[in-house]
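This report concerns only the one structure given below.
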Amino acid sequence: MKKLLVIGMLVVSVFLPTTVLAQVAGLNVIVIHGFADTDYADKPSYEEIRMRGQAYWDDSNQFWSQHYEAHMSWGSQYRIENAEGGLGQIMIDIYRQAEEISASGLCDAGCVLVTHSTGDLIARYFLDTQNDIMEKPLNIVATLDFAGAGGGTELADVTVSAVVNQDKNLLAWLLANNGGLMISGNTTPENLGVVYDLQPSVARTLGMNFNNTVPRLRFSSDNGTDLTGALVLGTDDGIVPAHSSCGSVKNEAIDSCSDVLAYDGEIHKANGPYALMQNHYPVIMAKGLNHADIHTNVTVSEEMTYVNSFAWLNDKIDTHVDKASWWKWWASDYLYIKNSSGKSVSQVFYESIND
Amino acid sequence: MKAYLLLFLILFIGVGVLIFSSFTPEVKQEASFEYVKEKQVYADTPVRKNEKTTKIDEEKSENVQLKDRLKIVANQYEKNMQYPPYSQPLSKKQFNLLNPNIFRTIQMKLDPNRDIKASLKLNAFRIFQGEAIEINITLASPVQSNGFDLEKIELFSKQKLVAEITFSKDKVNENTKYFSASYSPSSDESETWAQELFIKASFHDEQNKKYVIASSFKYIPAQAELSDVKQAYVNANELVIPLELKVYSDGRYLVKANVFTKEGTPIAHVYAKKNIEKGKGELLLKVHASTLRLKNAEGPYVLKDFTIVKVITSVVAKKGYGLSLKSEYEVNGFSLDTYSTEPYHNKAQEQKLEFLKKISS
């Protein structure tokens with residue numbers, strides 16, 4: 001009995017950080033982190049992956065450090081699906097952790113997944129496959145996806161091209177100019193790791209059966225660089241294009257998650273997604289935030305805007321908002337989340353739902 | 001005199017602008033309920049004009065407004081819940097469902113410092129052994145750049161060059177060059193390949209500097225075949241479409257497909273999953289009457305866009321794909337009165353809806 005208790009405590013110590021204000025709307029939170037370039041050179045073990053995963057969220061600048069009960073961690077040097085069609089090491093590790101969470105009962109009453117970047121793609125694959133793989137799947141009620149990379153990024157295309165061509169100059173240049181997914185020049189096509197999965201043509205085939213009904217709330221920002229602007233389709237946040245973070249059905253050059261709002265909240269006819277993937281709902285757009293900051297405590301000075309959620313079941317409503325009248329030619333209308341300036345995206349959302 | 005002319009000119013422009021504005025719609029939109037909702041949101045929401053000079057309604061708090069937006073999400077989710085996940089109404093906009101095996105075109109600047117772009121597209125992302133690999137490549141530059149050209153197309157399996165593919169330059173249109181190629185490997189050849197291949201297109205510029213665009217795709221053996229679609233029948237509130245599958249190994253098989261009217265209007269995206277032993281097996285696709293009634297579609301129907309997957313059922317299992325012997329099948333229909341009227345209800349979705357309602361209230 002004592003042994004069982006110790007094992008139970010160990011399980012708890014693995015999955016429960018010392019938080020005081022966890023939960024979203026009364027549900028436990030599991031976090032899944034994003035891409036980590038250092039994994040390529042360091043090749044961390046499973047235990048190290050676990051520690052790195054926790055550190056990713058427990059950094060003092062992380063909003064969610066005080067708001068999660070468990071984390072699922074993975075190594076960027078690995079793949080989601082392997083070359084032979086089986087689960088890649090990423091998913092083998094994710095399932096190992098999911099089984100432990102399942103056994104602990106943490107999600108029996110429901111959990112919310114909070115993902116950043118590639119964590120979105122991994123969450124989608126997990127939600128798509130867990131009913132076939134787990135005896136007791138996790139009861140995931142919703143996901144909050146910050147800068148979701150589920151649609152892939154064209155930076156992965158550039159990186160894969162450079163790796164296939166063994167163009168070390170281009171890889172070094174991308175590395176130096178902060179324009180790529182930072183992988184070593186020694187990478188070969190066979191050890192591209194998750195960068196392989198992040199090619200839009202690959203990412204958009206992974207976890208796309210949508211045989212689950214989990215609503216996916218999307219948070220997107222736009223602070224790309226000139227370089228990523230040249231390499232990535234449409235607006236981007238420095239790594240991930242809007243077509244991915246918004247949840248568009250296409251890898252397309254879009255400039256907003258909405259047809260009628262820009263990232264800065266200006267109301268005008270915007271180049272929004274052709275349509276959204278099933279159960280994907282863009283919620284907040286934040287201008288001026290980087291990919292690495294959207295899920296953290298980093299704040300923006302401008303107010304944020306929120307996104308119209310349109311139907312995916314029926315044809316997208318073709319809504320145009322033109323400038324109201326010619327005599328308003330000098331004015332622009334903006335739509336804001338009131339008092340959202342000076343706050344982080346997570347804070348705005350968290351305060352709202354816990355109000 | 002000049003002053004009169006100037007005054008006349010100003011009046012003329014002013015009248016012209018007024019006439020023009022009277023013909024300019026204030027808000028251009030297609031009639032829709034969503035838009036009305038959108039307008040109401042605008043009307044109730046703090047609006048910044050000219051650097052926030054407009055007075056904001058202090059009685060509205062930010063949380064109410066974010067929650068208002070989340071209410072739209074909850075409403076939309078609740079609306080979607082009327083239809084089973086296995087029989088979702090299909091829109092012509094659902095690009096991912098309508099093109100389940102599309103190869104997403106790779107487009108990139110060959111050199112970040114020069115505005116010369118190349119694109120690469122294959123006929124599919126998953127190509128089955130025995131099928132041709134068809135390649136389309138474009139090369140575009142803002143100024144005529146005759147020295148820039150496609151040099152070669154190569155196919156790699158595990159870093160080993162397995163084929164150099166001959167190509168043709170189809171046309172040169174203004175500043176874009178179009179190339180195409182098709183390669184049909186023999187079965188002896190492709191059996192030695194990995195399932196994941198890389199295709200690499202190499203270009204050179206005027207100074208013979210090399211550029212590359214590359215991508216990956218799958219060249220795989222079929223593990224199952226859809227051999228027939230049987231007569232559909234009505235069971236309570238569902239149209240049941242029996243499929244005959246031939247599978248090459250025991251496993252759990254998922255079949256996804258799209259239902260259209262004979263005229264091509266999308267109706268439903270359907271799927272079903274079943275454990276099938278090696279040999280022939282039957283799998284039943286079901287279209288819920290709520291979906292058919294939404295689309296007012298009695299049939300006959302066309303069933304197409306098949307995806308057949310042997311799904312991963314353990315951490316050591318492997319995924320496989322199947323193909324359909326025919327690209328589409330006709331499916332018989334029934335009067336919508338034939339179906340019973342009990343609505344679809346999915347208890348598993350209730351908690352998700354409850355969550356969305358909770359965060360929006």
Side-chain angles (χ1 to χ4, degrees), chain A residues 25 83-87 92 95 110 129 132-133 141-142 157-158 160-161 164-165 188-190 200-201 204-205 208-209 211 213 215 230 249-251 274-275 277 281 306 308-311 313-322 324-326 331 333-340 352-353 355, chain B residues 21 24 26-30 32 34-35 38 45-50 62-63 65-67 69 72-73 76-77 80 85 89 91-96 103-104 106 108-109 112 125 158-159 194-196 198 200 212-215 252 311-315 318-320 349 351-352 355-356 358-359:
Chain A
E84 290 76 41
L87 291 182
I92 291 172
Y95 272 108
T129 53
D132 290 315
I133 293 175
V141 175
D157 287 339
V158 176
V160 168
S161 287
V164 169
N165 196 33
T188 67
E190 270 60 55
S201 60
R204 287 174 176 275
T205 66
M208 293 294 275
N209 290 326
N211 48 13
T213 55
V249 292
K250 279 184 174 181
N251 49 327
Y274 182 75
M277 290 194 283
Y281 301 97
Y306 39 48
N308 182 35
S309 304
F310 41 76
L313 279 180
N314 304 307
D315 290 353
K316 194 175 80 169
I317 308 297
D318 195 6
T319 308
H320 303 288
V321 176
D322 286 353
S325 305
W326 67 271
D333 292 346
Y334 289 80
L335 189 63
Y336 287 139
I337 300 170
K338 195 176 172 188
N339 298 330
S340 56
S352 169
I353 64 170
D355 180 44
Chain B
S21 67
T24 306
E26 287 201 351
V27 174
K28 191 168 61 183
Q29 58 106 24
E30 291 171 11
S32 73
E34 286 293 327
Y35 180 72
E38 190 69 18
T45 304
V47 169
R48 185 178 78 167
K49 288 175 187 167
N50 270 357
E62 62 158 325
N63 290 338
Q65 285 138 19
L66 181 56
K67 285 182 172 180
R69 191 51 49 139
I72 298 174
V73 174
Q76 187 60 55
Y77 189 82
N80 295 356
S91 151
K92 63 183 177 188
K93 290 276 190 178
Q94 286 309 118
F95 183 83
N96 57 328
F103 182 91
R104 311 269 176 167
I106 313 292
M108 69 174 71
K109 281 190 176 183
F125 180 73
K158 293 190 172 175
Q159 295 190 67
Q195 292 191 15
E196 277 180 3
F198 284 92
K200 173 178 164 186
V212 159
I213 181 169
S215 187
R252 188 173 303 163
V311 299
I312 296 174
T313 50
S314 75
V315 290
K318 286 182 182 170
K319 189 193 252 184
Q349 282 182 270
Q351 189 188 13
K352 298 174 178 91
F355 170 82
L356 293 175
K358 191 171 180 182
I359 64 171

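- The most heavy-atom pairs under 4.5 Å with chain B, out of A:Gly85, A:Ala142, A:Pro200, come from A:Gly85.
- In this structure B:Gln349 satisfies the side-chain contact (heavy atoms from CB on, under 4.5 Å) test together with A:Thr213, B:Tyr77, B:Met81, B:Pro85, B:Tyr344, B:Asn346, sequence neighbours excluded.
- Side-chain contact between B:Val73 and A:Pro215 is absent, with no heavy-atom pair separated by less than 4.5 Å.
- The parts of B:Thr313 that come within reach of chain A are both its backbone and its side chain, each placing non-hydrogen atoms under 4.5 angstrom from that chain.
- Expressed to the nearest 0.5 Å, how far CG of A:Asp157 lies from CD1 of B:Ile213 amounts to 7.5 Å.
- Contact annotation for B:Phe95: both backbone and side-chain heavy atoms come within less than 4.5 Å of a heavy atom of chain A.
- Put simply, of A:Arg204, A:Lys250, A:Glu84, A:Met208, the one with the most heavy-atom pairs under 4.5 Å next to chain B is A:Lys250.
- Across every non-hydrogen atom of B:Gln94 and A:Val249, the tightest pair is NE2-CG1, 3.8 Å.
- The candidate with the highest count of non-hydrogen atom pairs below 4.5 Å against chain A, out of B:Lys358, B:Glu196, B:Lys200, is B:Glu196.
- Between B:Gln351 and A:Gly110, the shortest heavy-atom contact is NE2-CA, 3.9 Å.
- The side-chain contact (heavy atoms from CB on, under 4.5 Å) test applied to B:Ser215 returns A:Gln199, A:Ser201, B:Phe103, B:Ile106, not counting sequence neighbours.
- Heavy-atom distances place both the backbone and the side chain of B:Lys158 under 4.5 Å from chain A.
- Looking at A:Met277 and B:Asn96, their side chains come closer than 4.5 Å, going by heavy atoms from C-beta outward.
- The parts of B:Val212 that come within reach of chain A are both its backbone and its side chain, each placing non-hydrogen atoms under 4.5 angstrom from that chain.
- For A:Tyr274 against B:Lys92, the heavy-atom pair with the smallest separation is OH-O, 3.9 Å.
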Checklist entry - Step by step, would you call A:Tyr281 with B:Ile72 a side chain to side chain contact (heavy atoms under 4.5 Å, CB included)? => result CA-CA 10 Å; A:Tyr281 301 97; B:Ile72 298 174; over 6 Å; no
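- Taking the side chain as every heavy atom from C-beta outward, B:Ile312 and A:Asp132 never approach each other to under 4.5 Å.
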